[in-house]
Amino acid sequence: MDALRACVGEVSVSEFRGATRVVVPAATVHDALELLKEKHGFDLLIDVTCVDYLNYPDAKDRFGLVYLLVGTDTNLRLTVRAFVNDPDPTVRSVVDLWEGANWLEREVWDMFGIKFAGHPDLRRILMPHEFTVFPLRKDYPLQGMGERHNFPVLTRGES
Amino acid sequence: MAVADLMDQVATTKLDELVSWCRKNSLWPMPFATACCGIELMATGASRHDIARFGSEVFRFSPRQCDLMIVAGRVVMKMLPVLQRIWQQMPEPKWCISMGACASTGGVFDTYCVVQGIDRFIPVDMYVPGCPPRPEQLIQAVVDLQAKIQREGTIFGREFAVASRQQTKRALQEV
């Protein structure tokens, strides 16, 4: 932790039921993950995902990114968090550290609209390409804004 | 040969009924299985329930060789254009069974991406309730569809024109 603090500055550490969580500044996520991977043996990226804290009690930031790391030699697990905000939520991509982050970051972009600077191919991965909004944001209604009804009707006469 | 002898060997019927009788007993299903209903659909085709007893065992995975589309499972908005394309590729006359709650109404998946009933966008002849329906229910739907084809079928598909008008009317109402 001291090494991490020296590398990226302000770091807060918490522990819950044996799981360690580290919050780093969004600007230094890439540096922190690189340090953890190269120097501290956290060589496996399990998941990249995100939480939208809109209307959440006591939340200061809008989006909380989650990086789940595992050290395959030490069998240690670590959660790295970083918070980003509107209007332009951006973090540096970690595809250069883990190739597998490619699709994970595309999913976060698709669902939350968080940009990953330096991502080689930041396209939507689940939703259709003509989709214009980010459906897992809390300000997007659960039943959508009419996208599911926006199709031509095939009748017996036309088909 | 007297006319009385002929009566044993000749049956008279209407051409529409004869054609419908041929069609109803050789339905070739196109399995459009996207979810757990697809498992029941497979069970329906397998030996225990054996849809072959009702003359529709030949599941074809090419839409051009089918005349009965069984939509089994939820259809999401990304899949719907595929569903419509496959429906358009099937030769006429063709029918559609909407199998299960999700295909018929969206089921519990009332979310932004799940189509709330395929009958909004393609014509449907039979709805099978259930989550998922038992194979017996699907077989009953096939039997009912056969009865419907026998009852309404015409050689040139005039009944489809009527259904088309009804569907257009309903689509306009929903808008």
Side-chain angles (χ1 to χ4, degrees), chain A residues 47-56 62-64 66 86 89 102-115 119 121-159, chain B residues 63 67 69 71 74-96 102 105-106 108-125 152 154 156-175:
Chain A
D47 201 1
V48 179
T49 182
C50 183
V51 181
D52 185 353
Y53 287 104
L54 183 71
N55 303 330
Y56 193 83
R62 174 81 192 266
F63 299 107
V66 186
D86 274 339
N102 189 321
W103 283 18
L104 300 172
E105 290 183 347
R106 277 178 66 188
E107 186 183 353
V108 174
W109 158 251
D110 193 359
M111 291 289 145
F112 293 93
I114 291 178
K115 288 201 191 79
H119 191 286
D121 183 28
L122 197 61
R123 286 179 294 133
R124 286 186 178 274
I125 189 169
L126 296 173
M127 303 310 292
H129 292 300
E130 61 270 19
F131 213 69
T132 53
V133 289
F134 303 109
L136 284 196
R137 288 191 176 189
K138 292 287 182 196
D139 50 4
Y140 181 78
L142 173 64
Q143 289 163 359
M145 300 193 293
E147 293 91 349
R148 65 185 181 181
H149 301 314
N150 193 16
F151 292 100
V153 179
L154 289 186
T155 61
R156 281 287 187 189
E158 294 160 352
S159 55
Chain B
D67 55 7
M69 176 181 258
V71 182
R74 68 198 84 94
V75 177
V76 295
M77 52 178 286
K78 208 170 172 182
M79 187 56 109
L80 189 81
V82 180
L83 175 74
Q84 288 185 326
R85 193 183 174 93
I86 288 176
W87 174 255
Q88 284 181 317
Q89 285 177 343
M90 285 166 58
E92 286 191 319
K94 57 191 171 187
W95 298 273
C96 178
C102 299
T105 67
V108 296
F109 302 100
D110 189 7
T111 66
Y112 60 94
C113 54
V114 179
V115 172
Q116 301 296 298
I118 57 163
D119 61 340
R120 289 169 184 263
F121 303 113
I122 67 168
V124 173
D125 293 286
E152 298 177 0
T154 53
F156 295 120
R158 287 194 304 277
E159 77 276 21
F160 292 144
V162 176
S164 177
R165 279 199 296 278
Q166 287 168 347
Q167 195 194 357
T168 312
K169 212 169 150 189
R170 197 175 68 236
L172 286 174
Q173 278 169 353
E174 283 177 4
V175 171

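Keep in mind that this is a model prediction, so the values were computed, not measured. The chains referred to below are lettered A, B, ... by the order of the sequence lines, with proteins before strands, and numbering in each begins at 1.
- Among residues two or more places apart in sequence or in another chain, the side-chain hydrogen bond (donor to acceptor under 3.5 Å, both in side chains) test is passed with B:Tyr112 by none.
- Listed by first then second residue, pairs satisfying side chain to side chain donor-acceptor pair (under 3.5 Å) with a partner in residues 123-134 of chain A read A:Asp110-A:Arg124, A:Asp121-A:Arg123, not counting sequence neighbours.
- In plain terms, the two heavy atoms of A:Met127 and B:Met77 that are nearest each other are CE-SD, 4.3 Å.
- Looking at every heavy atom in both residues, A:Gln143 comes nearest to B:Asp110 through NE2-OD2, 2.7 Å.
- Atom NZ of A:Lys138 sits in a sparse spot, with 12 or fewer heavy atoms from other residues, nucleotides or ligands closer than 6.0 Å.
- For a residue to count as touching a neighbouring chain, one of its non-hydrogen atoms must lie under 4.5 Å from one of that chain's; by this rule B:Val76 does not touch chain A.
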